[in-house]
Each structure stands twice: as structure tokens, then as C-alpha cells.
Number of protein chains: 2
Amino acid sequence: MNEVEKFLEDQKVRPTAMRILIYKYMAQKKIAVALTDIENAFTKSDRTTLYRTLKTFEENGIVHQIDDGTGISKYALCENGCNCEIEQDLHLHFHCSNCNETVCLTEHKIPHINLPEGYLAEDVNLVVKGICEKCSGQ
Amino acid sequence: MNEVEKFLEDQKVRPTAMRILIYKYMAQKKIAVALTDIENAFTKSDRTTLYRTLKTFEENGIVHQIDDGTGISKYALCENGCNCEIEQDLHLHFHCSNCNETVCLTEHKIPHINLPEGYLAEDVNLVVKGICEKCSGQ
DNA sequence: CAATAAATGCACTTCCATTGCACTAATTAT
DNA sequence: ATAATTAGTGCAATGGAAGTGCATTTATTG
Ligand SMILES: [Mn+2]
Ligand SMILES: [Mn+2]
Ligand SMILES: [Zn+2]
Ligand SMILES: [Zn+2]
């Protein structure tokens, strides 16, 4: 049993052929992917399967869903040992308005946000839109 | 000519009956509203008109659109003399997972975000999800 | 008053997320 | 090993919200 399979099992996800492929696909990408991206990469499989795979991955802490403001959900693998649910471990996301790519800036944690009296924070989403390194470089 | 009419004209928006009503509706609300909210409040008017009114308002600095992560666009009146476009004037938004309401926290400006070399920020969206003052109070 | 421009209403489209249900593959119990 | 059960997959359909084309009405201007 290879490494990916073992990892999925550790996360309580059965390592089916499709799941292994999707995992590897995401691992090799440096940017966040949309369901449609995966769909285009695996035309043999059905959209529903891919959709539910992402949900399963998300529920088991393998990927996190990213709302980058485009209206299209993106997904990216979680960092090794990341705790996305915990406020202290949330990082910021960057969406490039030129190439339309979204990246995790995992090094850039979301600062603590002060709220007015009576407000309780459960989750924070911080998205910066602009020009990415690749696009500004030329 | 009353105050609302004058204000709309100042913003280069023709003060039609519908626009005045929508403006007053939003002014009296303390929370951000969705197109559907306005639709329900003005069943006599058509969704398209309301939709385009919001766009017109937005283009002329009367309202700002809010992406609170629910997938449904919300709108709120801009503060007097606010400059939503400018990064320094961006405030944070709070979405209550209990009552599902979204509010502008206009006092809480978005802190400056450091980005890696090569990244250029054009816009920042910061949304905190949790329990609002009203809902935590009981 | 006529000509022009702006605003409105209706119908329709698009896009993505999501679900129900049938079918197949894998796991567990007998 | 075979049957029973559970999990995964595929197809078809639905739903919600944003957005557009065009005809009609209303307001503005010459
Ligand atoms: Mn991320
Ligand atoms: Mn606001
Ligand atoms: Zn880019
Ligand atoms: Zn609330």
C-alpha cells in the first residue's frame, strides 16, 4: 500500500481509485482548484462523484473549501497537521484578478479580529484580491 | 424636493419613485439586505428593476455589495462620505450563523495585510462568521 | 408637440451547487 | 464461499441566484 492510500485511511477515508487520483491531482497543483477543474481533468468520471469526493475530503480534514469571492468554490489540500477549524490556524487566500487563480498563503495567518461587545467569532474568511506574483512579474 | 431626492441627484442618480422607496427601505434597515429581501418588500415591482437599481446605486457610491460567504449578495448603504473603493476605508462584515443576518461593522476597518513579494493587493474582503450581539444576548 | 433617452417589466438563459434514485463494488456476517 | 449489508458511483433532474435581450412605458430635451 502506497503513501497516499495510507494517508487516506488514516483520515478515515476509503482509498478508492478515484479518490487516490483526485488526491494526487490536487497534490501536484500549487493552486486551489474548482470542481470544474477536476471535472476537466477526469472526463471519465462523473461530476457527482468528484463533487462528493471533495465533500468527503473536506469532512475528513483532507481539503478545505475556499470562498474566494468569485462565486465558484475552490478547494485545496490542507497543510500537514493543519487545523482549519481552529481560528488560530486560519490563513489568508489570494485571488488574482488577472490569471483568475486562487492560492493559499498558508504562512500568512489571519490576525485576531476585535469585535464589538456581544459578538462571538466562529470563523473568519480573509481574501485579498489583486495581482499575483506570477502576473506582476512581467 | 426632499432630502433623499436631493441626495440621489447629488450622486448622479435620477430619483425615480422606485429608487426613492428602495433607498428609504435600506436606510431604515440596520442590516445588509439581499435582492430577495427587497423583492419581498416591493412585490409590485419587478425583480429586474430592483436588481438594476442596486447596480446603479453601487456604481454611484450609494451602496456597497457584500459577499458574506452565504452565496447570496447583500447590499448596504455606504456611510456618509465613505470611500469603499479605497483599501484604507474597507470595513469588516459580520454574518450571524444563528439569525443569518449580515451587518456592516463600519467602525472596524480592515487591518493592513502583508503579502509575499510580488503580490499586489487591490481589494480585501474580511468576513467574520459567528453569533451576533442580538443572538448571543439571550 | 415631436424626438430622444432613460427606466421598467417580462421572459428567458446561464451557471453552479445539490439531490434522488438506481446500479455497482466492496465489506462484513453467516 | 455465499449472502447480506454498506459504501461508492453514475445519470438525470432540480433549485437558486445572477444576468441579458427586447418590447413597453415614462421622463427629458429640443
Ligand atoms: Mn487555503
Ligand atoms: Mn459594509
Ligand atoms: Zn495571476
Ligand atoms: Zn444573529
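What you see is a predicted model, and the numbers here were worked out from it, not measured in a lab. Residue numbering restarts at 1 for every chain, and letters A, B, ... go by the order of the sequence lines.
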Would you indicate, yes or no, if D:dG10 has its OP1 or OP2 atom less than 4.0 angstrom from a side-chain nitrogen or oxygen of A:Thr48? no
Considering all heavy atoms, the nearest B:Ile20-B:Pro15 contact: CD1-O, 3.6 Å
Is there a side-chain polar atom (N or O) of B:Thr16 under 4.0 Å from OP1 or OP2 of C:dT8? yes
Take atom NZ of B:Lys55 and atom C1' of D:dA17, then tell me their distance rounded to the nearest Å. 12 Å
Rounded to whole Å, how long is the line connecting atom CD of A:Glu39 with atom P of C:dC15? 13 Å
Spacing of A:Asn60 atom CG relative to D:dA7 atom C1', expressed in whole Å: 13 Å
Is there a side-chain polar atom (N or O) of B:Arg47 under 4.0 Å from OP1 or OP2 of C:dG9? no
For B:Cys96 and B:Ile131, work out which heavy atoms get closest and say how close. SG-CA, 4.0 Å
Tell me the closest heavy-atom pair linking B:Ile62 and B:Leu8, and the distance in Å. CD1-CD2, 3.8 Å
What is the nucleic acid contact for A:Ser73, judged by heavy atoms within less than 4.0 Å: base, sugar-phosphate only, or nothing? sugar-phosphate
How long is the line joining CG of B:Asp67 and P of D:dA18, in whole Å? 11 Å
Given atom CG of B:Asn40 and atom C1' of D:dA17, what is their separation to the nearest angstrom? 14 Å
The side chain of A:Arg52 lies closest to which of these nucleotides: D:dC22, D:dG10, C:dA7? D:dG10
Given A:Lys134 and A:Glu101, is the salt bridge (charged side-chain N to carboxylate O under 4.0 Å, His left out) satisfied, shown in steps? CA-CA 10 Å; A:Lys134 213 172 25 158; A:Glu101 290 183 351; 2.8 Å; yes
Distance, nearest 0.5 Å, that separates CZ of B:Phe57 from NE2 of B:His64: 14.5 Å
Distance test, side-chain N/O of A:Arg14 to OP1/OP2 of C:dA26, below 4.0 Å: no
Can you check the A:Leu35 CG to C:dT19 P distance for me, whole Å? 14 Å
Taking CG from B:Asp46 and P from D:dC22, how many angstroms apart are they, rounded to a whole number? 17 Å
D:dA18 OP1/OP2 closer than 4.0 Å to side-chain N/O of B:Tyr51: no
Any side-chain N or O of A:Ser45 less than 4.0 Å from the OP1 or OP2 oxygen of D:dG10? yes
Is B:Thr49 near enough to C:dG9 that one of its side-chain N or O atoms lies under 4.0 angstrom from OP1 or OP2? yes
NZ of B:Lys44 versus P of C:dG9: gap in Å, rounded? 12 Å
